[in-house]
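Heads up, the thing below is written out as structure tokens.
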Amino acid sequence: MLSEAHLLERCNAIEGMSFSQLAMALQLRIPTHPLQRKGWLGQAVELALGTTAGNQSRPDFIELGIELKTLPINQSGKPAESTFVTTIPLLTVHQQTWQNSTCFAKLRRVLWLPVEGDTRIAFEHRRLGQALLWSPTPDEEAILCQDWSELTFMIGTGRLEKIDARYGEYLQVRPKAANAKSLCYGFNEEGGRFLTLPRGFYLRTRFTEALLGRHGL
DNA sequence: AAGTGATCATAA
DNA sequence: TTATGATCACTT
């Protein structure tokens, strides 16, 4: 039975490794083209730590309810990118509540793995940092809940096209698609359906930056 | 430089 | 196509 302690031991075992050392240990090849290695590290770390969710809409470590997120840190010591949380089922998300939402399921407990994301360092030389097992504070959760509720309400009431990435204090809604041709259905203002880009919830960098700061990282 | 919108890889 | 893993690239 996997426990949080076991999980942290696994993290200790890979801490400090370079991406190429990790690839070696897992017998993986790092794609040569930068465009082809998006997401590579995340998949490699999943393999190394033994996640169990596959492509289900559930936290990576199902039994523990823990979501795994790599967090690239730029040359300024801050998160280089926003963090994708979950795809939004545009036609049904309004039936969820924050407490039973897939978004909260993934954010209630997160294993953050900071990694070097400084583009001046060759990809294969970047190293894995120290993992952090985290949960939102009540204050953070209140704002996440507020963001989620407002955005979900807009989606459910046909105002999706009015939403852009500027909405939300911690959470934002942005496209999450293979390309502009990959479409799905959402509600229009008449309550009918229209084709639109798939969307996802993302955490702003100012949020992940602050949570790292609170833990002295 | 930061932030938003667009895109890339893989599995089922 | 849907989910997962994200970062790229252009605008501001």
Side-chain angles (χ1 to χ4, degrees), chain A residues 14 19 22-23 26-62 66-93 96 101-103 105-107 110-124 126 128-129 147 151 160-186 193 195-210:
Chain A
I14 60 172
F19 295 0
L22 182 66
L26 298 172
Q27 298 193 300
L28 297 177
R29 291 188 54 252
I30 296 176
T32 2
H33 196 292
L35 288 181
Q36 299 182 326
R37 62 193 186 204
K38 286 189 191 181
W40 179 87
L41 183 67
Q43 304 279 193
V45 169
E46 283 196 342
L47 240 188
L49 297 181
T51 57
T52 53
N55 74 336
Q56 295 177 264
S57 302
R58 307 184 60 185
D60 292 297
F61 298 96
I62 293 178
I66 294 175
E67 175 71 9
L68 171 64
K69 291 293 179 196
T70 57
L71 189 58
I73 305 300
N74 66 20
Q75 55 192 276
S76 316
K78 304 195 296 187
E81 293 284 350
S82 55
T83 302
F84 171 71
V85 180
T86 189
T87 299
I88 307 173
L90 297 176
L91 297 177
T92 56
V93 69
Q96 300 180 15
S101 68
T102 59
C103 188
K106 293 186 178 196
L107 292 180
V110 180
L111 182 64
W112 295 102
L113 185 62
V115 302
E116 285 181 328
D118 183 342
T119 50
R120 297 171 308 181
I121 306 173
F123 188 82
E124 60 273 19
R126 295 178 199 166
L128 306 176
D147 286 344
L151 292 164
L160 175 61
E161 295 304 83
K162 292 198 161 49
I163 298 178
D164 63 31
R166 291 170 294 187
Y167 282 81
E169 186 171 344
Y170 292 162
L171 277 178
Q172 61 182 177
V173 169
R174 305 224 307 277
K176 169 63 168 157
N179 54 58
K181 292 171 190 159
S182 113
L183 301 171
C184 68
Y185 285 102
R193 291 158 193 217
L195 281 172
T196 186
L197 239 32
R199 314 298 165 96
F201 283 117
Y202 292 76
L203 286 174
R204 295 183 180 281
T205 56
R206 68 163 169 267
F207 181 79
T208 50
E209 179 186 353

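Chain identifiers are assigned alphabetically (A, B, ...) following the order of the sequence lines, protein sequences preceding nucleic acid strands; residue numbering begins at 1 within each chain.
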Starting from the C-alpha separation in whole Å, work towards a yes-or-no answer on salt bridge (Lys or Arg N to Asp or Glu O under 4.0 Å) for A/Glu67 and A/Lys69. CA-CA 7 Å; A/Glu67 175 71 9; A/Lys69 291 293 179 196; 3.3 Å; yes

Could you tabulate the donor-acceptor pairs under 3.5 Å formed by side-chain atoms of residues 44-54 of chain A, not counting sequence neighbours?
| residue | atom | partner | partner atom | Å |
| --- | --- | --- | --- | --- |
| A/Thr52 | OG1 | A/Asp60 | O | 3.2 |
| A/Thr52 | OG1 | A/Ile62 | N | 3.2 |
| A/Thr52 | OG1 | A/Glu63 | OE2 | 2.7 |

Please output the side-chain donor-acceptor pairs of residues 34-41 of chain A that fall under 3.5 Å, not counting sequence neighbours, one pair per line with the distance.
| residue | atom | partner | partner atom | Å |
| --- | --- | --- | --- | --- |
| A/Trp40 | NE1 | A/Arg29 | O | 3.2 |

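Listed here is the closest heavy atom pair of A/Gly117 and A/Pro72: CA-CB, 4.2 Å.
At the heavy-atom level, A/Ala80 lies nowhere under 4.0 Å from the strands shown. Looking at heavy-atom distances under 4.0 Å, A/Thr83 makes no contact with the nucleic acid at all. Residue-level contact check: A/Leu41 touches neither bases nor backbone, having no heavy atom under 4.0 Å from any strand. As judged by a 4.0 angstrom heavy-atom cut-off over every strand, A/Gly42 is placed among residues touching the sugar-phosphate backbone only. As judged by a 4.0 angstrom heavy-atom cut-off over every strand, A/Gln75 is placed among residues making no nucleic acid contact. Within the 4.0 angstrom heavy-atom criterion, base atoms lie near A/Thr87.
Partners of A/Glu116 under the side chain to side chain donor-acceptor pair (under 3.5 Å) rule, at least two apart in sequence or in another chain, are A/Arg127. Take A/Asn74 and apply the side chain to side chain donor-acceptor pair (under 3.5 Å) test, not counting sequence neighbours, and it matches no residue. Not counting sequence neighbours, the partners of A/Ser82 by the side chain to side chain donor-acceptor pair (under 3.5 Å) test are A/Arg174. Evaluation of the ring pair (Phe, Tyr, Trp, His ring centres under 6.0 Å) rule for A/Phe61 yields no partner, not counting sequence neighbours. Every residue meeting the side chain to side chain donor-acceptor pair (under 3.5 Å) condition with A/Asp118, not counting sequence neighbours, appears here in chain and number order: A/Arg120.
Between A/Asn74 and A/Tyr202, the one whose closest nucleotide on DNA chain B sits nearer the 5' end is A/Asn74. Nearest-nucleotide positions on DNA chain C for A/Val115 and A/Ser57 put A/Ser57 closer to the 5' end.
A donor-acceptor contact under 3.5 angstrom links the side-chain atoms of A/Lys176 to the base of C/dG5.
For the helix from B/dA1-C/dT12 to B/dA12-C/dT1, the end axes, each set by the C1' atoms of five terminal pairs, are bent relative to each other by 30° (nearest 10°).
Note on ring orientation: taking the six-membered ring where Trp is involved, the planes of A/Phe123 and A/Phe19 are perpendicular (angle over 60°, cut-offs 30° and 60°).
OP1 or OP2 of B/dA2 lies within a sub-4.0 Å distance of a side-chain N or O belonging to A/Lys78. Listed pair A/Thr70 / C/dA6 meets the phosphate criterion, a side-chain N or O lying under 4.0 Å from OP1 or OP2.
The listed nucleotides are B/dT4, C/dT2, C/dT4; the one nearest the side chain of A/Thr86 is C/dT4. Looking at the side chain of A/Lys106, the nearest of the listed nucleotides B/dT4, C/dT4, B/dC8 is C/dT4. Nearest nucleotide to the side chain of A/Gln43, out of B/dG5, C/dG5, C/dT7: C/dG5.
The nearest whole Å value for the distance from the CG atom in A/Asn179 to the P atom in B/dA9 is 11 Å. At whole-Å resolution of the value, CD in A/Gln56 and C1' in C/dT4 are 11 Å apart. Between A/Asp164 atom CG and B/dG5 atom C1' the separation is 10 Å, expressed in whole Å. In this structure, A/Leu171 places its CG atom 16 Å from C1' of B/dT4, rounding to the nearest Å. Per the geometry, CZ belonging to A/Arg204 stands 20 Å off P belonging to C/dA6, to the nearest Å. A/Leu197 has its CG atom 8 Å from the P atom of B/dT7, to the nearest Å. Atoms CZ (A/Phe84) and P (B/dG3) sit 20 Å apart, rounded to a whole Å. Rounded to whole Å, atom P of C/dA3 lies 14 Å from atom CZ of A/Arg199.
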Close N or O pairs between protein and nucleotides 8-12 of chain C (under 3.5 Å):
| residue | atom | partner | partner atom | Å |
| --- | --- | --- | --- | --- |
| C/dC8 | O4' | A/Lys38 | NZ | 3.3 |
| C/dC8 | N4 | A/Glu81 | OE1 | 3.0 |

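Between the A/Arg58 side chain and the A/Ala105 main chain, no donor and acceptor come within less than 3.5 Å of each other.
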